[in-house]
Trainee: 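Sharing a structure with you now.
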Amino acid sequence: MLKCGEITPRKARPMQITMPHDRTDALVDELAGVWRASVEATHDFLGAQDIERIAQYVPEAIRTVPSLVTACDDDGRALGFAGAGDGKLEMLFIEPAHRGKGVGAMLLDFAIRELGVTHVDVNEQNTQARGFYEHKGFEVIGRSETDEQGEPFPILHMRLKARL
């Protein structure tokens, strides 16, 4: 079980937020499973072949992202995770059954507060994610025609608005 401080989000049972030091194969596999479930539930613009292709590099991305944060239930099961580096949120994925229950908001708030996140890229077709980030204070500052792998999935570049 992952050890971390207990935090109680709205509409959900208690959860723990942790920054795992050891990215074991078991943890990486579990988080890759969260990634797949989340993408299959939210990225309807991706086909099955796209998901399979992307899934090939997800474990390595989880292993190498500079900062990894997980949200787990009190039984140690992953509810979601976030990864960040150099002020940019690189990944944020939530188990579908836990979407809308504050898990993503808590992970993002932690990443902003503790990891200095001020930027995020989001697939243009993922309107739910864009709305979430805009609700959390991000604004679109640019657009790319392709994703980081050069695939034809337009990306919106977002920045956290200055807070007064």
Trainee: Answer whether the closest heavy-atom distance between the side chains of Val58 and Val39 falls below 4.5 Å.
Mentor: no
Trainee: Side chains of Pro20 and Leu68: closer than 4.5 Å at any heavy-atom pair?
Mentor: yes
Trainee: Rounded to the nearest 0.5 Å, what separates atom CD in Gln128 from atom CG in Asp44?
Mentor: 8.0 Å
Trainee: Taking the side chain as every heavy atom from C-beta outward, state whether Leu31 and Thr70 have any pair of such atoms under 4.5 Å apart.
Mentor: yes
Trainee: Restricting to side chain to side chain donor-acceptor pair (under 3.5 Å), what partner residues turn up for Glu151, sequence neighbours left out?
Mentor: none
Trainee: Listed by chain and number, what are the side chain to side chain contact (heavy atoms under 4.5 Å, CB included) partners of Ala37, not counting sequence neighbours?
Mentor: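 For Ala37, the residues satisfying side chain to side chain contact (heavy atoms under 4.5 Å, CB included) (neighbours in sequence not counted) are Glu95, Pro96.
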Trainee: Which distance, rounded to the nearest 0.5 Å, do you find between the CG of Leu108 and the NZ of Lys136?
Mentor: 6.0 Å
Trainee: Kindly list each side-chain donor-acceptor pair under 3.5 angstrom involving residues 81-90, sequence neighbours excluded, with atom names and distances?
Mentor:
{"unit_1": "Lys88", "atom_1": "NZ", "unit_2": "Asp121", "atom_2": "OD2", "d": "2.8"}
{"unit_1": "Lys88", "atom_1": "NZ", "unit_2": "Glu148", "atom_2": "OE2", "d": "3.4"}

Trainee: Considering only heavy atoms from C-beta outward, does the side chain of Arg130 approach that of Val120 to under 4.5 Å?
Mentor: no
Trainee: Any non-hydrogen side-chain atom of Asn123 less than 4.5 Å from a side-chain atom of Ile155?
Mentor: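 Result yes, sub-4.5 Å side-chain heavy-atom pair found.
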Trainee: Holding to salt bridge (charged side-chain N to carboxylate O under 4.0 Å, His left out), I want the full list of residues that pass it with Asp50, two or more places apart in sequence or in another chain.
Mentor: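 Asp50 satisfies salt bridge (charged side-chain N to carboxylate O under 4.0 Å, His left out) with Arg53 only.
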Trainee: Within the distance-only criterion (no hydrogens, no angle test), does the side chain of Arg23 pair as donor or acceptor with the backbone N or O of Ile62 below 3.5 angstrom?
Mentor: yes
Trainee: In sequence, state the C-alpha distance, the side-chain angles, and the governing distance for Val140 and His157, and then conclude on side chain to side chain contact (heavy atoms under 4.5 Å, CB included).
Mentor: CA-CA 6 Å; Val140 175; His157 308 288; over 6 Å; no
Trainee: Looking only at atom types and distance, does a side-chain atom of Glu30 sit under 3.5 Å from a main-chain N or O of Ala78, one as donor and one as acceptor?
Mentor: yes
Trainee: Once side chain to side chain contact (heavy atoms under 4.5 Å, CB included) is applied, do any residues pair with Pro154, and if so which ones, sequence neighbours excluded?
Mentor: Glu124, Gln125, Arg143
Trainee: Is there side-chain contact between Glu114 and Met19, with at least one heavy-atom pair below 4.5 Å?
Mentor: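 No, too far: nothing below the 4.5 Å cut-off.
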Trainee: Test of understanding: with salt bridge (charged side-chain N to carboxylate O under 4.0 Å, His left out), list the residues that count as partners of Asp22, not counting sequence neighbours.
Mentor: none
Trainee: Using modelled atom types only, decide if a donor and an acceptor are shared between the side chain of Asp73 and the backbone of Asp75 within a distance under 3.5 Å.
Mentor: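 Yes; at least one donor-acceptor contact below 3.5 Å.
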Trainee: Glu60: which residues meet the salt bridge (charged side-chain N to carboxylate O under 4.0 Å, His left out) condition with it, sequence neighbours left out?
Mentor: none
Trainee: Can you find a pair of side-chain heavy atoms, one from Met15 and one from His98, that are under 4.5 Å apart?
Mentor: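 No, side chains not in contact.
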Trainee: Step by step, would you call Gln16 with Cys72 a side chain to side chain contact (heavy atoms under 4.5 Å, CB included)?
Mentor: CA-CA 5 Å; Gln16 301 169 344; Cys72 56; 3.6 Å; yes
Trainee: Mind listing the closest non-hydrogen atom pair of Ile17 and Ala71 along with its distance?
Mentor: CD1-CB, 3.8 Å
Trainee: Let me confirm one number: the OG1-CD distance from Thr127 to Glu134, rounded to the nearest 0.5 Å.
Mentor: 10.0 Å
Trainee: Sequence neighbours left out, what passes salt bridge (charged side-chain N to carboxylate O under 4.0 Å, His left out) with Glu52? Give chain and number order.
Mentor: Arg36
Trainee: Would a 4.5 Å heavy-atom cut-off, applied to side chains only, mark Ile54 and Leu46 as touching?
Mentor: yes
Trainee: Any pair with a residue in residues 113-145 that passes ring pair (Phe, Tyr, Trp, His ring centres under 6.0 Å), sequence neighbours left out, goes on the list, sorted by first then second residue, please.
Mentor: Tyr133-Phe138
Trainee: Gln56: which residues meet the side chain to side chain donor-acceptor pair (under 3.5 Å) condition with it, sequence neighbours left out?
Mentor: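 Expected list: none.
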Trainee: My understanding is that only residues two or more places apart in sequence, or in another chain, count here; which of them pass side chain to side chain donor-acceptor pair (under 3.5 Å) with Glu139?
Mentor: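 Glu139 satisfies side chain to side chain donor-acceptor pair (under 3.5 Å) with Arg159 once adjacent residues are dropped.
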Trainee: Could you walk me through whether Thr18 and Val69 pass the side chain to side chain contact (heavy atoms under 4.5 Å, CB included) test, one step at a time?
Mentor: CA-CA 6 Å; Thr18 187; Val69 181; over 6 Å; no
Trainee: Just how far is it from atom CG of Leu156 to atom OG of Ser144, taken to the nearest 0.5 Å?
Mentor: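 Going from CG on Leu156 over to OG on Ser144, the span is 9.0 Å.
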Trainee: May I have the step-by-step check of side chain to side chain contact (heavy atoms under 4.5 Å, CB included) for Ile94 and Leu79, ending in yes or no?
Mentor: CA-CA 6 Å; Ile94 309 302; Leu79 306 176; 5.7 Å; no
Trainee: Could you check whether Arg113 pairs with Asp109 (Lys NZ or Arg NE/NH1/NH2 to Asp/Glu carboxylate O, under 4.0 Å)?
Mentor: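 No, no charged N to carboxylate O under 4.0 Å.
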Trainee: Restricting to side chain to side chain donor-acceptor pair (under 3.5 Å), what partner residues turn up for Gln149, sequence neighbours left out?
Mentor: Tyr57
Trainee: How long is the straight-line distance from CZ of Arg99 back to CZ of Phe93, given to the nearest 0.5 Å?
Mentor: 12.0 Å
